[in-house]
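These figures come from a predicted structure and were not determined experimentally.
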Amino acid sequence: MKPLLSTLKSLTGFVTKYIGVIIIAFTIWACITPSVFSWTVSYTSVFLGVAMFGMGLSIRAKDFKMVLANPKEVILGGVLLQYTIMPLTAYVLCKALNLPTDIAIGVILVGCCPGGTASNVITYIAKGDVALSVGMTIASTLLAPLLTPFLIYSLGGTWVEVSFLAMVLSVVKVVLIPVLVGIAIHHFFGKKLEALLATMPLVSSVAIVMIIAGIISVNVTKIFTAGLVVLAVVILHNLIGMTLGLTAAKVLRVSYAKETAITIEVGMQNSGLAVSLATLHFAMNPLATLPGATFSVWHNISGAVFASIRQKHDGTESMISSKIVKSAE
């Protein structure tokens, strides 16, 4: 049993570190042989529930203490900035570029979702404040059942009819309940399942990869006709979001590590939720799933690049500080 758990832990570390590359690889695979993954579309909500359950299992009681210990940063970064910058940026882009209804509603869905769990990993790589990142993700996720449907209803209603109550129930089922069940299991059985819990990020990662590969596989033809437009909008949405997030964090005058965490949190969305909601509620708009799937690929790339830049800059700052200290001595 121990060798198996050790292998799973190593695999979890590998998948978590290279999740962006893995998503790209599976995206290409899904384009080449769509029949391998097309079956997963029928289970999009199940896969998302599994991913959210895995997130819940990774949340500890002390994580909530971190939220309370950083109320200003969590509320401003994880809630206020998250639920204003990304939704409004999505809306403005859709209007300014006069996007087709299918693509517009998909972009709106991405913009209105909470922060994604991948942000915690990217923040760690970037040497940002991981505790703050986790706190912001928890806060935005727990508020998602109300804020995400409300924003979609308010902004997406410009293009299509949106059922607020149905959207609330969907987010509760695929996000809130799995997360709360995961938190409860960790709280009551955490010590007994400690070794197994360490592999949960692997389960969540596999679930997200399956969601993306499935959506790509059934939209291969559409990707070649609308893919460049979707990719361009997704890139703009993500980069504008991260730029505004970084600017807002600088205005708040928080530490470098917190600034990094806030920027990443604002720019990286739970695009799996966007795909799930598009599948459940906008079946008449088949291209609505593409922005979420594309965002899942792109935000891991942009996040990794941003992390690399911040990591190097942080290292440079540390070296300069060290030299100043030595000179003073």
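T137 and E265 share a side-chain donor-acceptor pair at under 3.5 Å. H281 and S163 share no donor-acceptor pair across their side chains, judged by distance under 3.5 Å alone. Residues D129 and S255 have side chains that never bring a donor and an acceptor to within less than 3.5 angstrom of each other.
T148 approaches P114 most closely through the heavy-atom pair OG1-CD, 3.7 Å. Closest non-hydrogen pair, V50 versus S204, comes out as O-OG, 4.2 Å. Taking each heavy atom of C112 and L151 in turn, the nearest pair found is SG-CB, 3.5 Å.
Counting heavy atoms from C-beta outward, S302 and M242 have side chains that approach closer than 4.5 Å.
Evaluation of the ring-ring contact (aromatic ring centres under 6.0 Å, His included) rule for W29 yields F26, F37 as partners, not counting sequence neighbours. In this structure W159 satisfies the ring-ring contact (aromatic ring centres under 6.0 Å, His included) test together with Y91, sequence neighbours excluded.
Criterion: ILVMFWY side-chain heavy atoms under 4.5 Å apart, direct or through other members. Under it, V203 and V46 are part of a common hydrophobic cluster. With hydrophobic clusters built from ILVMFWY side chains whose heavy atoms lie under 4.5 angstrom apart, L280 does not share a cluster with L176. Under the 4.5 Å side-chain heavy-atom criterion for Ile, Leu, Val, Met, Phe, Trp and Tyr, L246 and V130 are members of distinct hydrophobic clusters.
The pair E259-R253 fails the salt-bridge criterion, with no side-chain N (NZ, NE, NH1 or NH2) lying under 4.0 Å from an Asp/Glu carboxylate O.
Side-chain atoms of S140 come within 3.5 Å of backbone N or O of G115 as a donor-acceptor pair.
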